[in-house]
Each structure stands twice: as C-alpha cells, then as structure tokens.
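Have a look at the structure below, then the notes.
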Amino acid sequence: MLSNGKRNWCNTRMCLLFYDVVHLRVNFIFPQLLEVIILSSYSHDNPRPVRLFVQFCERYRLIPVPSCTRRNLHLLVERIPQGLSTMKSLVLLAYSAVASATSYFLTVYAPNTNVDGGLFQAAGQGFYTGTSGPATYCPENVDPCPEVQGTLVHAGLTGMAVAVPGGQAIYVAPSGAVEYTRAHSNYIPEGSIIGGWFNKTVISDCDPTVYVLDFLSTDGSNIGGVKVCPDIESWMDGTGASFRLYAGTKGFNLTNCVDAVGLNLHPVAADVGCWQYI
C-alpha cells in the first residue's frame, strides 16, 4: 500500500462478511478510492451472492472491474459513502489497521520492457538503476550514524528520507531529470518543478490492480510522464549505472528512452535511508 508522511492515503485493510454470504476484502487506497474484491465462490446454482452484490454496487456507486480469477470479482469505489453507519448495518466487519509507512524505495513499472522492476539508487543528486547502492555521507561528529538502508524517499516524492537537519527536497530540473537538493541547501535550479507527482491506478483484465506514481508538469504545459533513459553522465562511469530517471517537461529532449507507466513505491519499516545522500 502507498501512503505518505502527511497521511493523505488511508493504508487500511478491511475484511467484510456481506449479508453472511459474500466475503469481501476492501483496500482503502486513497481518500476517494478503494478496491473491493469478492472472495467467495459463486455459481449459477447459487446466484443470491451475485444479486446481493449487484445491489451493493448500485447503492454505493461501485465500478465493477473484470478479474481473470473466476472465483473473484474486483471493483473500485469512486466515492467512499458518507453514511458509513448504513454500510455497517449491511456487513459483519472485522477491521485491522496497518501502520502507515513514511519511507519507500523506488522501482520502475514498465511491463514488457528491459527496465521493468529496476531499482533506483541515489547518486550525484540523481536516481539511477544498475548501481550497487546509493552514494551517502555521514559526518564524523554524528554518533551513531544511521545505518544505510538504501535509497529511501517520502511518498509523493516530496523529499529524501534522511536524518540530516533540513532534509533534502526532490524536484524535476528543467531538463526533466529528477533530482534532489544537497544537504544544508535549499537551492533548486530556476525553472525546476516541485511536485507534479500524482497517484495512478493501473487496471488489467488479467493482472492485479497496480498503484503507481506518475508525473504531470505543474506549469500548465500538460506535459508529463515518467522516462527512464540510458543517457548516463561520464562521471558515473564504473558505477554500473544503466538508466537515469527523468520526467516529461518542456525542456526534456532525450531520445531512445523508455516511457514507463509509473513508479512503484515500496514501503519499508525504516524511517530514514541514511544521514544524507550525495
């Protein structure tokens, strides 16, 4: 599940028994979106669960999404009902909350490409795949230094998950390169974009629903998208870097890049990935 430090996403799971007939699993993904999966089996010999489920869909404005699993039905809820007391009267509820994560590692979501699943590591104020780990630093006067946990970011790519005072913000440079600020500095190149990242739901007839992070420029140009490019700076030679993370901007002009569907954010238990990234 995705969530961020500001708790914009619920990151909550519910197990429901609907009318003592249909077992449901509900994943609260965003404030105005949740996923429901019917877990009970159904057949022509027992149509009652389906009839009840259709009534449930109509009442709560649910959008059915086909599933390749014959015994399951998937759907999305456009709007969480305001009258939850009414919903509670329809279900026998077993509820458990999952602690919201505050930091994540990033991978590429680009099915059927050679970059799919690539893990991004921070180095030289950029994000690269192929390196063995991030470039980090911790001064001698810090004791103890936090253990390096890899490249961790806050949800929504608002910043790096670091311990250094002031943090390290993430921005999109005019060239489209996704970068982060140096420690103890608020400098961001003129023309850069802060924000622009949004959550996107990818629905497939045969694969599980996927929730990724995508990008749309906030300058009104309506340009965006996640790009993974093999154009690696010469000073990264020998590091193993194979692709760099970019976002679509007016100044982006690289070719032979992979247009990724988005970024996968994987929650971790660690609060920070290191003292600072360099």
Side-chain angles (χ1 to χ4, degrees), residues 1-12 96-108 117-173 175 177-190 192-197 199 213 215 226 228 232-247 263-278:
M1 293 295 180
L2 297 179
S3 69
N4 63 12
K6 296 181 179 179
R7 302 297 190 273
N8 287 336
W9 304 324
C10 298
N11 196 21
T12 302
S96 64
V98 179
S100 297
T102 60
S103 56
Y104 306 79
F105 65 89
L106 290 172
T107 60
V108 186
L119 173 65
F120 285 111
Q121 300 285 10
Q125 294 182 265
F127 295 87
Y128 300 86
T129 63
T131 63
S132 59
T136 66
Y137 172 74
C138 185
E140 294 181 356
N141 62 343
V142 175
D143 185 25
C145 286
E147 183 178 351
V148 176
Q149 302 287 342
T151 298
L152 301 184
V153 302
H154 293 303
L157 262 64
T158 55
M160 309 299 289
V162 291
V164 64
Q168 293 179 267
I170 297 175
Y171 61 90
V172 178
S175 66
V178 181
E179 301 181 346
Y180 52 90
T181 58
R182 297 181 185 275
H184 310 294
S185 172
N186 293 324
Y187 174 73
I188 294 176
E190 184 177 355
S192 298
I193 297 173
I194 300 175
W197 299 98
N199 304 293
L213 204 64
F215 177 80
V226 174
V228 185
I232 306 299
E233 299 84 354
S234 60
W235 54 266
M236 287 293 290
D237 290 347
T239 64
S242 53
F243 289 87
R244 183 172 181 174
L245 177 61
Y246 285 82
L263 299 173
N264 273 323
L265 274 71
H266 308 267
V268 298
D271 292 327
V272 299
C274 66
W275 177 259
Q276 73 184 64
Y277 294 102
I278 57 176

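- When atom types are taken as modelled, the side chain of Glu179 and the backbone of Gly126 share no donor-acceptor pair closer than 3.5 angstrom.
- Residues passing the side chain to side chain contact (heavy atoms under 4.5 Å, CB included) test with Ser132: none are found, sequence neighbours excluded.
- Across all their heavy atoms, Val162 and Gly167 have their closest contact at CG2-CA, 3.8 Å.
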TODO: Please step through side-chain contact (heavy atoms from CB on, under 4.5 Å) for the pair Tyr180 and Leu157, ending with a clear verdict.
DONE: CA-CA 10 Å; Tyr180 52 90; Leu157 262 64; over 6 Å; no
Open item on the list: As a quick check of understanding, evaluate side-chain contact (heavy atoms from CB on, under 4.5 Å) for Leu106 and Leu265, giving each step before the final call.
Closed with: CA-CA 5 Å; Leu106 290 172; Leu265 274 71; 3.5 Å; yes
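- Contact between Leu152 and Ser103 at its shortest, heavy atoms only, is CD1-OG, 4.0 Å.
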Task: Full working for side-chain contact (heavy atoms from CB on, under 4.5 Å) between Leu213 and Asn199 - done: CA-CA 5 Å; Leu213 204 64; Asn199 304 293; 3.5 Å; yes
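- Contact detail for His266 and Thr107: the closest heavy-atom pair is NE2-OG1, 2.6 Å.
- In plain terms, the two heavy atoms of Gln276 and His184 that are nearest each other are OE1-NE2, 4.4 Å.
- A donor-acceptor pair under 3.5 Å is absent between the side-chain atoms of Thr102 and the main chain of Asp271, judged by distance alone.
- Residues satisfying the side chain to side chain contact (heavy atoms under 4.5 Å, CB included) test with Ser192, not counting sequence neighbours, are Tyr171, Ala173, Pro174, Ile188, Pro189.
- Between the Thr239 side chain and the Thr131 main chain, no donor and acceptor come within less than 3.5 Å of each other.
- Using a distance-only test at 3.5 Å, with no hydrogens or angles considered, a donor-acceptor pair links the side chain of Gln168 to the main chain of Tyr277.
- For a disulfide, the SG atoms of both cysteines must be under 2.5 angstrom apart; this fails for Cys274 and Cys138.
- Within the structure, side chain to side chain donor-acceptor pair (under 3.5 Å) contacts touching residues 133-151 (residues at least two apart or in different chains) are Gln121-Thr151.
- In plain terms, the two heavy atoms of Ala247 and Trp197 that are nearest each other are CB-CH2, 4.4 Å.
- Within the 4.5 Å cutoff, the side chain of Ile193 has heavy atoms near those of the Phe215 side chain.
- Inspection of the Tyr128 and Glu233 side chains reveals an N or O donor paired with an N or O acceptor under 3.5 Å.
- Contact record, Val164 with Ala183: CG2-CB, 4.0 Å, taken as the closest heavy-atom pair.
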Task: Step-by-step side-chain contact (heavy atoms from CB on, under 4.5 Å) determination, Leu263 to Phe127 - done: CA-CA 12 Å; Leu263 299 173; Phe127 295 87; over 6 Å; no
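- The structure places CZ of Phe243 at 9.5 Å from CZ of Phe120, a figure rounded to the nearest 0.5 Å.
- The main-chain N or O of Asn186 is never found under 3.5 Å from a side-chain atom of Thr181 such that the two would form a donor-acceptor pair.
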